[in-house]
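Numbers here are sequence positions counted from 1.
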Amino acid sequence: NRIAAEFDGYKYIRMLASGREQLFDHKTDLRELRDVSGISPDALAKARCILADHKERSAALRAQYGITRPEQPELDEATRRQLPAPGYLE
């Protein structure tokens, strides 16, 4: 439910379901207590580029090797309401 990248002393995390982003400066915050995504626009832009490039390269490799993603199951409303509690959905 998340994708992350580490670069130049930063760790970037994007929540896949919500699109929420977090950026931590590991040079000053190894415990990841302070999200600097709002005050480090250059690092945030670089993180987004890194993940976009990764996504593009991954898609090219899947196409090259004929790898397809499995179908996602349809969930009924009762199941969807239960999944956020243990953290499966945001």
Side-chain angles (χ1 to χ4, degrees):
N1 65 23
R2 300 177 186 161
I3 190 166
E6 292 190 42
F7 64 97
D8 301 341
Y10 289 97
K11 181 176 180 182
Y12 171 76
I13 303 168
R14 182 186 306 148
M15 310 308 168
L16 297 175
S18 67
R20 181 173 161 238
E21 299 173 300
Q22 294 178 303
L23 182 68
F24 300 101
D25 184 347
H26 278 181
K27 296 173 285 221
T28 60
D29 181 20
L30 286 173
R31 294 176 59 204
E32 300 178 359
L33 300 175
R34 185 167 179 247
D35 180 357
V36 297
S37 60
I39 59 173
S40 299
D42 292 341
L44 184 60
K46 184 172 183 176
R48 289 172 176 161
C49 286
I50 288 169
L51 287 189
D53 182 57
H54 169 74
K55 184 177 181 178
E56 187 176 299
R57 288 184 291 121
S58 295
L61 286 170
R62 283 193 303 275
Q64 179 181 349
Y65 293 105
I67 299 169
T68 58
R69 293 181 182 239
E71 292 290 324
Q72 295 296 317
E74 290 294 323
L75 302 176
D76 62 68
E77 189 58 35
T79 303
R80 289 190 67 76
R81 283 194 303 270
Q82 293 174 0
L83 291 176
Y88 294 119
L89 293 178
E90 294 193 27

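- Remark: I50 engages A5, F7, K46 in a side chain to side chain contact (heavy atoms under 4.5 Å, CB included) (not counting sequence neighbours).
- Of all non-hydrogen atoms in Y10 and K27, the two that sit nearest each other are CE1-NZ, 3.8 Å.
- With sequence neighbours excluded, the residues that form a side-chain hydrogen bond (donor to acceptor under 3.5 Å, both in side chains) with R48 are E21.
- Within a 6.0 Å sphere centred on NE2 of H26, other residues, nucleotides and ligands contribute more than 12 heavy atoms.
- Remark: D76 pairs with T79 by the side-chain hydrogen bond (donor to acceptor under 3.5 Å, both in side chains) rule, at least two apart or across chains.
- For residues 54-67, every residue pair satisfying the salt bridge (Lys or Arg N to Asp or Glu O under 4.0 Å) rule, not counting sequence neighbours, is listed here: D53-R57.
- Nearest heavy atom pair, residue I3 against residue H54, reads CD1-CD2, 4.2 Å.
- The two residues V36 and D25 come nearest to each other via the heavy atoms CG2-N, 4.2 Å.
- L33 belongs to no hydrophobic cluster, as no Ile, Leu, Val, Met, Phe, Trp or Tyr side chain comes under 4.5 Å of its own.
- Rounding to the nearest 0.5 Å places CZ of R20 at 8.5 Å from OG of S37.
- Under the 4.5 Å side-chain criterion, counting only non-hydrogen atoms from C-beta, L23 is in contact with S40.
- R34 and D29 get closest at one heavy-atom pair: N-OD2, 2.7 Å.
- Scanning all heavy atoms of the two residues, the minimum distance from A4 to I13 falls at CB-CG1, 4.2 Å.
- Residues passing the side-chain hydrogen bond (donor to acceptor under 3.5 Å, both in side chains) test with E6, sequence neighbours excluded: none.
- With side-chain heavy atoms closer than 4.5 Å counting as contact, directly or through intermediates, the hydrophobic cluster containing Y65 also holds L61, I67.
- Between M15 and Q22 there is a side-chain heavy-atom pair separated by less than 4.5 Å.
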